[in-house]
Undergrad: 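First, the structure itself, so that you have it in front of you.
Here is the naming used below: chain letters follow the sequence lines, and residue numbers restart at 1 for every chain.
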Amino acid sequence: METSFTPFASLAGGMLIGAAAVLLMLLRGRILGATGILAGVLWPSGGYDFAWRALMLAGMCAGPWVFYLFCGQLPMIVVPSSVGLLGLGGFLVGVGVTLGSGCTSGHGVCGLARLSPRSIAATVTFMLTTGATVFVMRHVLGI
Amino acid sequence: MRHLLTLLIGTLFGTGIALSGMANPAKVLNFFDVFGTWDPSLAFVMAGAVTVTFLGYRVVLRRDRPGFETAFDVPTSRVVDARLLIGAGVFGIGWGIGGFCPGGALPALGTGSAKVIVFVSALSAGILATKVFLSRVAQPVSQKRPAE
């Protein structure tokens with residue numbers, strides 16, 4: 001399925017993501033990683049750690065509605081995969097980000113910005129396996 | 001104040017995700033489909049996010065401490081080990097299958113979309129299963145409960 005190329009919206013959205021990461025470091029001294037935020041809510045190590053992550057999560061969920069205020073519609077969410085594959089993908093993402101200590105935001109944005117060798121290695125690895133998976137699914141299996 | 005600002009930072013992130021297209025699996029998967037319906041937009045998301053964070057961290061991490069905490073809490077390990085690479089590899093396979101990464105899916109939860117709820121439920125199950133597994137494996141033998 002074709003999607004339209006949106007360089008300006010994507011660049012601006014990316015800059016807002018970066019601004020959020022910088023502000024979280026400035027005020028709370030933390031890496032902005034979606035994995036750590038969700039995991040810290042599901043499996044809290046203490047009340048203090050739970051609180052800031054729960055607030056981040058609640059704020060994140062308001063994001064599409066801020067988008068709605070400015071754009072008059074909710075952001076487009078089109079899921080090409082079947083519900084079964086989506087569940088399988090979700091479970092594998094959960095296993096992978098827990099073993100690998102982070103995802104696109106923690107490693108791919110904050111870690112790269114810190115020039116962390118672990119994050120650079122993780123980001124290169126997951127970009128390659130994501131690309132390989134999409135290639136196999138679309139051009140080999142034809143799903 | 002601390003809580004309100006943390007909530008607003010989450011909202012800023014979620015708005016960025018919504019605007020960038022990262023909450024849309026069709027768009028994310030097309031970034032990786034160079035030999036098909038390629039959409040290079042994701043590169044602009046990464047470029048914008050990494051550039052702002054890189055420059056911002058240069059300024060912020062020079063300070064003695066964060067605004068509301070006593071110290072910065074950033075990872076110090078620089079060791080690239082098998083667990084990191086296997087985890088990143090498995091994450092990528094899951095991302096390629098479903099098209100959602102955690103940062104894209106969590107803000108999308110706010111729309112109430114059933115498919116997002118399916119993904120985040122499965123994601124949560126994967127996180128919890130792995131944490132349980134790791135807590136058992138990492139537990140020293142002497143502390144394991146004796147077999148019944």
Side-chain angles (χ1 to χ4, degrees), chain A residues 2-3 6-7 10-11 13-18 20-27 29 34-35 39 43 52 55-56 59-64 66-67 75-76 78-79 86-87 89-100 103-105 109 112-113 117 121-122 125-126 129-131 133-134, chain B residues 6-7 9-16 18-20 23-27 30 32 37 39 41 44-45 48-50 52-54 56-57 60 66-69 72-73 78 80 87-98 101-103 106-107 109-111 115 119 122-123 126-127 130-131:
Chain A
E2 297 268 350
T3 51
T6 55
S10 289
L11 185 69
M15 291 172 79
L16 294 183
I17 294 167
V22 173
L23 287 171
L24 189 69
M25 186 63 77
L26 175 70
L27 298 177
T35 294
W43 184 289
W52 76 266
L55 287 163
M56 283 292 294
M60 284 183 192
C61 291
V66 175
F67 179 91
M76 199 183 288
V78 179
V79 184
L86 196 58
F91 190 82
L92 290 177
V93 170
V95 172
V97 297
T98 308
L99 284 177
C103 55
T104 329
S105 48
V109 176
L112 288 193
T125 304
F126 68 64
T129 57
T130 308
T133 304
V134 171
Chain B
T6 306
L7 187 73
I9 292 170
T11 307
L12 186 63
F13 178 85
T15 307
L19 179 60
S20 69
N24 186 0
K27 195 167 179 63
N30 275 348
F32 293 99
T37 51
D39 176 355
S41 303
F44 288 73
V45 184
V50 173
V52 169
T53 310
F54 179 84
Y57 275 7
V60 167
F68 295 128
E69 314 288 340
F72 289 106
D73 186 1
R78 300 176 69 82
V80 176
V90 172
F91 161 47
I93 294 170
W95 195 15
I97 290 174
C101 61
L106 294 180
L109 263 185
T111 66
K115 285 191 164 180
F119 178 85
L123 167 68
I127 290 175
T130 311
K131 283 202 175 276

Undergrad: Heavy-atom pairs under 4.5 Å with chain B - which of P117(A), G87(A), S105(A), G131(A) has more of them than the others?
TA: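 The answer is P117(A).
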
Undergrad: Quick check: closest heavy atoms across L7(B) and L55(A), and the distance to 0.1 Å?
TA: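 Looking at all heavy atoms of both residues, the closest pair is CD1-O, 3.3 Å.
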
Undergrad: Using a 4.5 angstrom heavy-atom cutoff, name the option from L23(A), V109(A), T35(A), V78(A) with the most pairs to chain B.
TA: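 Of the options given, most contacts go to V78(A).
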
Undergrad: Pick one: which of L24(A), L16(A), I17(A) meets side-chain contact (heavy atoms from CB on, under 4.5 Å) with L12(B)?
TA: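 Testing L12(B) for a side-chain contact (heavy atoms from CB on, under 4.5 Å) against L24(A), L16(A), I17(A) leaves exactly one candidate, L16(A).
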
Undergrad: I9(B) vs L27(A), test: side-chain contact (heavy atoms from CB on, under 4.5 Å). Steps then yes/no.
TA: CA-CA 10 Å; I9(B) 292 170; L27(A) 298 177; 4.0 Å; yes

Undergrad: For residues F91(B) and T104(A), determine if any side-chain heavy atom of one lies less than 4.5 Å from a side-chain heavy atom of the other.
TA: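 They are in side-chain contact.
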
Undergrad: Specify the closest pair of heavy atoms between P102(B) and V97(A), including all atoms of both residues, with the distance to one decimal.
TA: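 It is CG-CG1, 4.2 Å.
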
Undergrad: Between chain A and each of G94(B), G110(B), G14(B), G92(B), count heavy-atom pairs under 4.5 Å; write down the option with the most.
TA: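 The option with the most such pairs is G92(B).
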
Undergrad: Will you find, in the side chains of K27(B) and S10(A), an N or O donor that is under 3.5 Å from an N or O acceptor?
TA: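 Distance-only check fails for K27(B) and S10(A).
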
Undergrad: Among L19(B), V60(B), L106(B), T37(B), which has the most heavy-atom pairs under 4.5 Å with chain A?
TA: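 Top count of heavy-atom pairs under 4.5 Å with chain A: L19(B).
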
Undergrad: Between chain A and each of G89(B), A23(B), G10(B), count heavy-atom pairs under 4.5 Å; write down the option with the most.
TA: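 Most pairs with chain A among the choices: G10(B).
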
Undergrad: Could you tell me the separation between the CZ atom of F32(B) and the OG1 atom of T130(A), rounded to the nearest 0.5 Å?
TA: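 With rounding to 0.5 Å, CZ (F32(B)) is 4.5 Å from OG1 (T130(A)).
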
Undergrad: Grab the two heavy atoms, one from A88(B) and one from F126(A), that are nearest each other, plus how far apart they are.
TA: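 Residues A88(B) and F126(A), closest heavy atoms: O-CB, 3.1 Å.
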
Undergrad: Of all of P107(B), G103(B), G96(B), which one pairs up most often with chain A through heavy atoms under 4.5 Å apart?
TA: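 That would be P107(B).
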
Undergrad: So how far is it from M60(A) CE to T11(B) OG1, rounded to the nearest 0.5 Å?
TA: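 Rounded to the nearest 0.5 Å, the CE-OG1 separation comes to 9.5 Å.
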
Undergrad: Taking every non-hydrogen pair under 4.5 Å, which of L112(A), L26(A), V66(A), T125(A) racks up the most with chain B?
TA: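 Option with the top pair count is L26(A).
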
Undergrad: To the nearest 0.5 Å, how far apart are SG in C103(A) and CH2 in W95(B)?
TA: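 The distance works out to 9.0 Å.
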
Undergrad: Looking at every heavy atom in both P64(A) and T111(B), which two are closest together, and how far apart are they?
TA: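 The pair with the smallest heavy-atom distance is CB-CG2, 3.8 Å.
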
Undergrad: If you take all heavy atoms of L123(B) and V93(A), which pair is closest and at what distance?
TA: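 Heavy-atom minimum between the residues: CD1-CG1, 3.6 Å.
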
Undergrad: Is the side chain of D73(B) donor-acceptor paired with the backbone N or O of G29(A) at a distance under 3.5 Å, no angle test?
TA: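 Checked: no pair found.
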
Undergrad: Based on non-hydrogen pairs under 4.5 Å, which of I93(B), V80(B), L109(B), V50(B) is most in contact with chain A?
TA: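 Highest number of pairs under 4.5 Å: I93(B).
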
Undergrad: L99(A) and G87(B): which non-hydrogen atoms are nearest, and at how many Å?
TA: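 Reported closest heavy-atom pair: CB-CA, 3.7 Å.
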
Undergrad: Hey, which of A21(A), P75(A), A34(A), C61(A) has the most heavy atom pairs under 4.5 Å with chain B?
TA: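 Heavy-atom pairs under 4.5 Å are most numerous for C61(A).
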
Undergrad: Report yes if the side chains of L92(A) and I97(B) come closer than 4.5 Å at any heavy-atom pair, otherwise no.
TA: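 Sidechains of I97(B) and L92(A): in contact.
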
Undergrad: Tell me which of these, G56(B), G98(B), A26(B), has more heavy-atom pairs under 4.5 Å with chain A than the rest.
TA: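 If we count pairs closer than 4.5 Å to chain A, A26(B) comes out on top.
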
Undergrad: Nearest 0.5 Å, please: how far is CE in M56(A) from CZ in F13(B)?
TA: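 Between atom CZ of F13(B) and atom CE of M56(A) there are 7.0 Å.
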
